Amino acid sequence: MKEKKIILVCGPTGVGKTGFAIDLATRVDAEIIGADSMQIYRYMDVGTAKPDARERSMVRHHLVDVVDPDQDFDAARFARMADSAIEGLHGRGMAAIVAGGTGFYFKALVHGLFRGTQADPAVIAALEQEAAEGADLHARLVAVDPDAAAKIHPNDLFRVIRALEVAVTQNTTISSLQDAHGFAGERYRTLKFGLYMDREKLYQRIEKRVDMMLDQGLIREVEGLLDRGYRSDLKSMQSIGYRHVCQYLRGDTGFDEMVALLKRDTRRYAKRQFTWFRRDKGMVWLMPQEVERAVSLTADFLVDRD
RNA sequence: GCCCAGGUAGCUCAGUCGGUAGAGCAGGGGACUGAAAAUCCCCGUGUCAGCAGUUCGAUUCUGUUCCUGGGCA
């Protein structure tokens with residue numbers, strides 16, 4: 001059985017993944033699959049720095065604009081959709097370049113998640129409610145799943161709740177599921193490119209890009225989303241840029257303050273992305289202008305059949 | 001030119017009744033198994049403006065120089 005191969009292009013926001021991926025794709029006869037947790041949403045274009053019409057006419061992009069901002073989406077669904085997109089490309093004899101900044105999506109795609117158990121929104125909402133009322137959920141987790149409790153910080157409510165939710169809705173614990181799974185298997189053969197640049201330079205680019213987004217009508221875009229009925233408490237609307245503009249429109253922050261916070265939070269996000277990708281041992285680190293090198297590495301990778 | 005107030009961490013500032021200093025913000029590092037652009041954890045040595053004096057010891061007191069605000073000419 002022929003092993004399936006994919007090329008990954010990872011990196012922090014603002015390094016130039018989009019341009020790099022397009023250059024690479026045109027050179028190696030590939031199409032691009034977005035691995036970006038926000039570009040999947042329709043109508044959220046400016047704030048997610050989505051590839052524009054010109055870019056998308058150069059190379060076809062998959063998994064961009066696939067759900068509405070009020071629809072649930074998650075890493076598992078991403079992985080399933082990416083699987084079929086990859087299959088489609090391979091069926092047409094094309095290579096698949098998975099490009100984006102969402103580390104968790106890459107992981108879900110390459111290694112899979114531990115099981116077909118979707119998070120139960122009702123159970124999670126109930127637990128959130130209890131937490132808001134002062135319940136000590138971490139203490140409860142210690143009782144039902146001490147291994148998970150040991151790994152999850154008591155303040156990390158998000159993970160405490162998810163672990164409890166598994167314990168409540170299933171006949172097992174998240175820690176045992178995780179131990180059994182362990183991200184051990186690889187579902188694809190991968191060639192991973194990590195894009196980087198000097199931190200100072202990246203931050204300058206990020207700030208410039210935020211100003212550009214504002215010029216390009218980020219505020220109008222958010223107003224349009226709100227007009228369409230997409231509320232500011234949606235997950236999608238809580239992302240960087242969208243939540244900042246919502247706060248500004250609500251009058252909670254002034255314009256200058258909003259811009260400063262938006263820039264800061266984007267910088268911090270880029271830092272977290274570096275943390276995520278740096279951990280990946282198999283990453284080939286390149287600067288965004290090193291497309292040539294990527295092309296030859298990709299050619300070697302694709303030729304090598306087994 | 002004179003008077004006043006300041007010059008302490010990248011920034012804004014606190015503080016040391018003389019025993020070489022600490023907050024906020026910024027920043028850095030890390031975690032991450034179906035919300036991940038989310039969620040969470042950890043991290044503070046800097047000629048205390050320069051020089052000189054007093055002192056066992058000065059960032060702290062004194063003098064002086066420089067710089068920055070403000071006021072008066």
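The chains referred to below are lettered A, B, ... by the order of the sequence lines, with proteins before strands, and numbering in each begins at 1. What you see is a predicted model; the values in this text were computed from it and never measured.
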Determine the Euclidean distance between corresponding [atom1] atoms of [M] and [N]; express it in Å to zero decimal places.
{"N": "B:U62", "M": "B:A58", "atom1": "C1'", "answer": "11 Å"}
{"N": "B:A38", "M": "B:U16", "atom1": "C1'", "answer": "44 Å"}
{"N": "B:A26", "M": "B:U12", "atom1": "C1'", "answer": "11 Å"}
{"N": "B:C4", "M": "B:A9", "atom1": "C1'", "answer": "28 Å"}
{"N": "B:G57", "M": "B:C40", "atom1": "C1'", "answer": "46 Å"}
{"N": "B:A31", "M": "B:A23", "atom1": "P", "answer": "27 Å"}
{"N": "B:G44", "M": "B:G28", "atom1": "P", "answer": "16 Å"}
{"N": "B:G71", "M": "B:C13", "atom1": "C1'", "answer": "24 Å"}

Verdict with reasoning, A:Y203 to A:D198, per side chain to side chain donor-acceptor pair (under 3.5 Å)
CA-CA 9 Å; A:Y203 284 180; A:D198 174 74; over 6 Å; no
Tell me whether A:K5 forms a cation-pi arrangement with A:F301, defined as NZ or CZ under 6.0 Å from the six-membered ring centre and within 45 degrees of its axis.
yes
Centroid separation A:H181 to A:F183 less than 6.0 Å:
yes
Nearest whole Å is fine: how far is [N] [atom2] from [X] [atom1]?
{"X": "A:E257", "N": "B:A26", "atom1": "CD", "atom2": "P", "value": "11 Å"}
{"X": "A:I206", "N": "B:G27", "atom1": "CD1", "atom2": "C1'", "value": "14 Å"}
{"X": "A:K235", "N": "B:A35", "atom1": "NZ", "atom2": "P", "value": "8 Å"}
{"X": "A:I174", "N": "B:U39", "atom1": "CD1", "atom2": "C1'", "value": "14 Å"}
{"X": "A:D233", "N": "B:A38", "atom1": "CG", "atom2": "C1'", "value": "15 Å"}
{"X": "A:F104", "N": "B:A36", "atom1": "CZ", "atom2": "C1'", "value": "7 Å"}
{"X": "A:F158", "N": "B:A35", "atom1": "CZ", "atom2": "C1'", "value": "5 Å"}
{"X": "A:Y41", "N": "B:A38", "atom1": "OH", "atom2": "C1'", "value": "10 Å"}

OP1, OP2 of B:C40 versus side-chain N and O of A:N155: anything below 4.0 Å?
no
Once you apply a heavy-atom cut-off of 4.0 Å, does [X] come out as touching a base, just sugar-phosphate, or nothing?
{"X": "A:D265", "value": "nothing"}
{"X": "A:G103", "value": "nothing"}
{"X": "A:F73", "value": "sugar-phosphate"}
{"X": "A:H181", "value": "base"}
{"X": "A:I124", "value": "base"}
{"X": "A:T266", "value": "nothing"}

Scan the side chains in residues 142-149 of chain A for donor-acceptor partners under 3.5 Å anywhere in the protein, sequence neighbours excluded, and list what turns up.
from   : atom 1 : to     : atom 2 : distance (Å)
A:D145 : OD1    : A:A148 : N      : 3.2
A:D145 : OD1    : A:S175 : OG     : 2.5
A:D145 : OD2    : A:I174 : N      : 3.4
A:D145 : OD2    : A:S175 : N      : 3.3
A:D145 : OD2    : A:S175 : OG     : 3.2

Ignoring hydrogens and geometry beyond distance, is the side chain of A:E128 in donor-acceptor contact with the base of B:A35 at under 3.5 Å?
yes
Mind checking which stems touch RNA chain B? I mean at least 3 consecutive Watson-Crick or G-U pairs, both distances under 3.5 Å.
B:1-7 with B:66-72, B:10-13 with B:22-25, B:27-31 with B:39-43, B:49-53 with B:61-65
Both A:Y105 and A:G112 contact RNA chain B. Which one's nearest nucleotide lies toward the 5' end?
A:G112
Output one line per pair: protein atom, nucleotide atom from nucleotides 28-31 of chain B, and distance, for all N/O pairs under 3.5 Å.
from  : atom 1 : to     : atom 2 : distance (Å)
B:G28 : OP1    : A:R199 : NH1    : 2.9
B:G28 : OP1    : A:Y203 : OH     : 2.6
B:G28 : OP2    : A:Y203 : OH     : 3.3
B:G29 : OP1    : A:R199 : NH2    : 3.2
B:G29 : OP2    : A:R199 : NH1    : 3.1
B:G29 : OP2    : A:R199 : NH2    : 3.4
B:G29 : N7     : A:K271 : NZ     : 2.5
B:G30 : OP2    : A:T275 : OG1    : 3.4
B:G30 : OP2    : A:R278 : NH2    : 2.5

Carboxylate-amine/guanidinium contact A:R140 A:E130, below 4.0 Å
yes
Check A:D211 with A:K263, please: is the shortest side-chain N to carboxylate O separation under 4.0 Å?
yes
Look at the side chain of A:R264 and decide which nucleotide, out of B:A26, B:U33, B:A35, has an atom nearest to it.
B:A26
Chi angles and distances behind the side chain to side chain donor-acceptor pair (under 3.5 Å) call for A:T266, A:R209:
CA-CA 10 Å; A:T266 308; A:R209 197 172 68 161; over 6 Å; no
Judged by atom type as modelled, is there a donor-acceptor pair below 3.5 Å linking the side chain of A:E207 to the main-chain atoms of A:Q204?
no
Side-chain donor/acceptor of A:H62 to backbone N/O of A:I32, under 3.5 Å
yes
Hey, can you tell me if A:W285 and A:Y196 have their rings parallel, tilted or perpendicular (30° and 60° cut-offs)?
perpendicular
Derivation of the side chain to side chain donor-acceptor pair (under 3.5 Å) call for A:Y242 and A:E221:
CA-CA 9 Å; A:Y242 296 90; A:E221 178 168 282; 2.6 Å; yes
